[in-house]
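The next block holds one structure in the form of structure tokens; read it before the comments.
Because the structure is predicted, anything quoted here is derived from the model rather than measured. Numbered from 1 within each chain, the chains take letters A, B, ... in sequence-line order. What you see below is based on every heavy atom in this structure, not just the backbone, and it leaves out hydrogens, waters and symmetry mates.
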Protein chains: 2
Amino acid sequence: MLPLLLDRAGPEPLHRQVYDQLRAAILTGRLAAGDRLPSSRALAQSLGVSRSTTVLAFDQLLAEGYLVTRTGAGTYVPTELPELKLEASPTGPAALPPTTTYPLSDYGQRLAQTGALHVRTEAAPITFTHYGEPALDQFPLEVWRTLTQRRLRDHDVPLGYERDARGYLPLRAAISEYVTRARAVSCHPDQIVIVGGSQQALDLAARLFVNAGDRVVFEEPGYLGARRVFESYGADLVPVPVDEAGLQVDRLPDAGARLVHVTPSHQFPTGSVLSLPRRLALLDWAERVGALIVEDDYDSEYRYIERPIPALQGLGHHGRVLYIGTFSKVLFPGLRLGYLIVPEALVDLVSRAKWLTDRQAPLLEQAVLADFIREGHMGRHVRRMRTLYAARRACLTQALARVFGDRVRLLGDQSGMHLFISLESGLSDDKVLARAKAEGVGLASAAPYYAGAAPGGEFVLGYAHLTEAAIEEGIKRLARAVGGLHG
Amino acid sequence: MLPLLLDRAGPEPLHRQVYDQLRAAILTGRLAAGDRLPSSRALAQSLGVSRSTTVLAFDQLLAEGYLVTRTGAGTYVPTELPELKLEASPTGPAALPPTTTYPLSDYGQRLAQTGALHVRTEAAPITFTHYGEPALDQFPLEVWRTLTQRRLRDHDVPLGYERDARGYLPLRAAISEYVTRARAVSCHPDQIVIVGGSQQALDLAARLFVNAGDRVVFEEPGYLGARRVFESYGADLVPVPVDEAGLQVDRLPDAGARLVHVTPSHQFPTGSVLSLPRRLALLDWAERVGALIVEDDYDSEYRYIERPIPALQGLGHHGRVLYIGTFSKVLFPGLRLGYLIVPEALVDLVSRAKWLTDRQAPLLEQAVLADFIREGHMGRHVRRMRTLYAARRACLTQALARVFGDRVRLLGDQSGMHLFISLESGLSDDKVLARAKAEGVGLASAAPYYAGAAPGGEFVLGYAHLTEAAIEEGIKRLARAVGGLHG
């Protein structure tokens with residue numbers, strides 16, 4: 001039996017005390033996943049309280065996901081604790097703490113007032129909403145295990161402080177070799193800083209180059225995680241629309257822009273690819289107005305049709321491009337490793353910022369990743385995934401065409417891990433999402449990615465993590481939800 | 001033979017081309033650690049160039065540490081590439097890039113003009129300068145390996161995006177339990193944010209609460225890595241001196257301070273412990289002037305004499321303390337994991353800042369660390385190290401007393417992983433350091449930790465990583481260097 005200590009004379013109601021103590025026991029692991037709880041009746045008896053006290057406490061814990069019931073088998077601690085509930089904040093504006101109590105900086109104040117950091121995705125039997133996530137079940141975890149094992153067994157891990165904030169040199173050398181070959185990026189390992197995913201690269205770039213009030217050109221629609229970073233530093237965002245050939249460079253402001261954020265390989269969320277003439281024009285513009293280009297190449301590895309267009313970084317000759325790559329899409333997001341490639345003149349400065357921010361990325365994972373790349377595992381995995389995702393993409397585009405005909409327009413189907421569609425349904429986006437959800441399909445609207453008014457009827461469909469059967473079934477259900485050709 | 005391609009008609013001198021291509025081959029791993037190079041004569045012959053060309057290239061590579069010679073055995077690629085050289089920047093002011101070319105933010109400009117980020121330590125046969133580093137050879141790497149192995153074998157790793165920026169809940173629960181018990185910290189797992197080492201916690205705290213021009217109280221002398229963070233955000237630092245009982249709270253400014261950074265368990269660098277009366281006075285002061293306290297508890301685990309004094313966080317009742325802990329000292333620095341414990345009213349805000357900065361800490365390492373703590377390995381390791389470090393500390397204090405008598409005064413000998421000494425030698429600090437180095441002893445002056453003028457003659461001696469034999473020998477040599485009682 002659990003040792004709960006109730007303070008009958010205290011101000012807290014008894015059911016609240018039972019709730020608090022059970023929750024604490026679950027969170028600290030004293031009650032572990034799978035543990036069965038006594039019945040509310042038995043617990044009430046042992047504590048000498050009324051049954052309504054224990055029922056109230058259980059109900060609250062069940063509602064919050066700290067407990068689950070299995071029909072006819074009692075009440076258990078679930079294997080998955082309710083983290084979703086705990087993350088309430090990042091999807092909505094933070095509760096601004098009273099500034100009389102807490103002296104927030106300007107950054108802190110802006111952060112407290114900013115909108116949602118990411119688009120909320122809800123659970124559904126078939127979900128197209130995980131568009132940042134690769135097919136995790138396909139990752140060669142056994143290879144990763146062998147490489148990790150080898151490093152640990154041979155004591156070949158730098159356990160101490162790495163002296164260089166840019167990270168583990170063999171990893172930087174491997175990345176240098178890889179981006180030079182695969183992306184026509186022009187760089188030396190000295191110019192590479194290993195970061196905690198592309199998000200950290202964005203934060204460093206914004207902090208080093210953007211003051212409050214500075215103009216930052218941003219793709220419209222564009223990636224929310226980047227937009228929020230620039231907003232957090234007080235940037236004055238200048239939306240420039242994208243079309244089938246990417247950012248409309250003829251609509252760039254004539255002057256006054258400090259920085260431009262672009263996703264040229266696979267524009268987020270539309271999926272369009274920035275054309276070569278526009279790349280050259282963008283580089284010219286940046287040189288002319290004195291702006292820096294942040295080239296966010298978040299999923300350039302997955303390109304299915306033509307040869308990739310060289311990265312802006314390699315096309316430019318004036319050191320105006322900060323190039324961002326990540327391993328979240330090619331390996332797995334939980335790894336939290338990416339890289340920022342900077343012009344030589346900025347190496348010192350960016351290294352210092354990285355050191356002050358968190359000194360350096362974790363070393364064991366950097367060492368294992370270096371081995372993974374150098375021994376050819378990454379290349380093999382990317383090739384396998386490219387074939388797999390191409391098949392899934394084909395399945396999705398065919399299913400959409402079959403059930404929606406010319407009521408659906410596809411964008412960004414040549415690369416990446418998601419598809420951007422425009423769907424005529426005669427319904428509001430919210431209605432489409434709600435009806436899809438009722439059919440067990442998770443769908444995301446593109447509207448949150450617009451700074452201005454969204455045209456509506458646009459959706460972002462992640463397919464990399466879904467089997468062809470799930471894709472077929474999902475689109476069939478979507479047709480039922482919003483009325484397909486034969487629905 | 002290495003395939004070097006020389007462009008005889010190009011503008012680059014031939015020796016520079018040989019240098020560049022060999023360096024690239026080393027950095028990209030085509031020439032691996034331990035590889036032997038042909039002699040400069042043989043290489044010259046095979047390339048059809050004069051021997052002076054290859055000698056010039058080799059000399060440059062040798063000078064920069066990309067090659068080493070072994071007497072009578074030729075020229076090799078070293079196992080340690082010259083990262084020290086590459087990190088030139090963080091130890092001195094960065095080269096400010098031309099602002100006409102690069103539009104630096106105010107943060108960027110301040111960073112470029114700030115002094116060294118950390119105290120430079122040079123290699124020596126016996127070095128007391130690694131005072132942040134635990135005895136890495138004592139870490140139970142095989143246990144870590146087994147736990148990592150188990151997580152990877154059971155596919156029990158969250159590979160995708162963790163939804164909660166605060167990190168892996170079971171780890172937060174384990175930390176909550178640990179700090180409550182060991183440090184009398186009062187917290188719920190919800191209040192814990194897993195960060196990339198204490199450095200990230202400092203950066204987040206400074207960014208969220210300090211505007212340029214704000215007054216921040218800072219220990220004098222104090223931890224350089226924290227000072228530089230506050231400076232990078234433009235803080236107006238108010239130095240308050242420390243003595244044997246820690247920060248002199250009666251010298252705190254009457255008003256206008258936004259934040260105070262303290263290291264109460266083991267003041268860095270003096271090692272003094274903030275007394276209980278002063279802790280209570282500091283909390284009162286913070287409440288009165290409306291300041292936040294950043295309690296940096298970087299090595300509280302190693303306390304040898306009395307029971308530890310409760311953390312400020314647990315003594316305070318007004319939610320004015322941000323508590324920082326790290327696993328760099330109890331486990332190993334390369335892990336890059338620490339935690340920031342915040343008042344409930346600030347949880348949302350700090351989570352958002354963490355999400356925007358790098359989304360979350362890496363998940364496999366968080367999961368393994370949670371297992372390491374919950375299964376008792378951390379407790380066991382800390383107890384073993386406490387015994388080991390206590391013996392090394394005793395050895396060091398005895399050796400110092402023996403060779404320097406009352407010319408040496410010890411501070412901070414009750415806890416932590418380093419000792420702070422004041423030594424009468426009649427020499428300048430630079431002279432002491434140079435003479436010690438000539439005897440093969442690495443020593444660090446405390447002077448860089450002062451914002452104002454340092455009294456001189458103060459040194460910081462790390463001993464956790466040194467065997468008793470090395471400590472004895474090191475102090476003997478130090479006596480030879482600066483003249484001991486019997487030297």
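Taking CG of A:L356 as the start and NE2 of B:H118 as the end, the distance is 9.5 Å to the nearest 0.5 Å. For the atom pair CG of A:L364 and CH2 of B:W144, the computed distance is 9.0 Å after rounding to the nearest 0.5 Å. Distance CZ/B:R145 to CZ/A:R150: 13.0 Å, rounded to 0.5 Å. Here OG of A:S328 is found 11.5 Å from CG of B:L159. Values are rounded to the nearest 0.5 Å. B:T148 OG1 to A:Q149 CD: the interatomic distance, rounded to the nearest 0.5 Å, is 8.0 Å. Note that CG of A:L141 and CZ of B:R151 are 12.5 Å apart. Values are rounded to the nearest 0.5 Å.
Heavy atoms of B:H155 lying under 4.5 Å from chain A belong to its backbone as well as its side chain. No part of B:E287 comes within reach of chain A, as not one of its non-hydrogen atoms sits under 4.5 angstrom from that chain. Proximity to chain B is limited to the side chain of A:S232, based on heavy atoms less than 4.5 angstrom apart. Looking at B:V229, both its backbone and its side chain come within 4.5 Å of chain A, counting heavy atoms on both sides. Heavy atoms of A:E142 lying under 4.5 Å from chain B are absent altogether. Looking at A:A361, the atoms closer than 4.5 Å to chain B (heavy atoms on both sides) all sit in the backbone: N, CA, C or O.
Of all the listed residues (B:G132, B:G319, B:P134, B:A226), the one sharing the greatest number of non-hydrogen pairs under 4.5 Å with chain A is B:G319. In terms of non-hydrogen atom pairs under 4.5 Å with chain A, the most contact-rich of B:V157, B:L202, B:T180, B:V210 is B:V210. The candidate with the highest count of non-hydrogen atom pairs below 4.5 Å against chain B, out of A:Y233, A:F139, A:F332, is A:F332. Most heavy-atom pairs under 4.5 Å with chain B: of the set A:R228, A:Q366, A:Q360, this distinction falls to A:Q360. Heavy-atom pairs under 4.5 Å with chain B peak, among A:L363, A:L136, A:L152, at A:L152. When each of B:H318, B:H465, B:R359 is scored by its heavy-atom pairs under 4.5 Å with chain A, the top score falls to B:R359.
For the pair A:Y102 and B:P343, the tightest heavy-atom approach, listed with the atom from each and the gap, is OH-CB, 3.3 Å. Contact record, A:L335 with B:P362: O-CB, 3.8 Å, taken as the closest heavy-atom pair.
Open room surrounds CD on A:E344; 12 or fewer heavy atoms of other groups in view lie less than 6.0 Å from it. Dense packing is recorded around CD of B:Q138, with more than 12 heavy atoms of other residues, nucleotides or ligands lying under 6.0 Å away.
Side-chain atoms of B:L208 and A:L104, non-hydrogen and from C-beta on, never get closer than 4.5 Å to each other. The side-chain heavy atoms of B:T114 and A:R352, taken from C-beta on, include a pair separated by under 4.5 Å.
In terms of modelled atom types and a separation under 3.5 Å, the side chain of B:R258 and the main chain of A:P103 share a donor-acceptor contact. Of the possible donor and acceptor atoms, none in the side chain of A:S105 sits under 3.5 Å from a partner among the backbone N and O of B:N211. Counting only distance, with no hydrogens or angles, the side chain of A:D358 and the backbone of B:Q199 share no donor-acceptor pair below 3.5 Å.
At a threshold of 4.0 Å, the pair B:D203-A:R207 counts as salt-bridged, since one of the basic side-chain nitrogens sits closer than that to a carboxylate oxygen.
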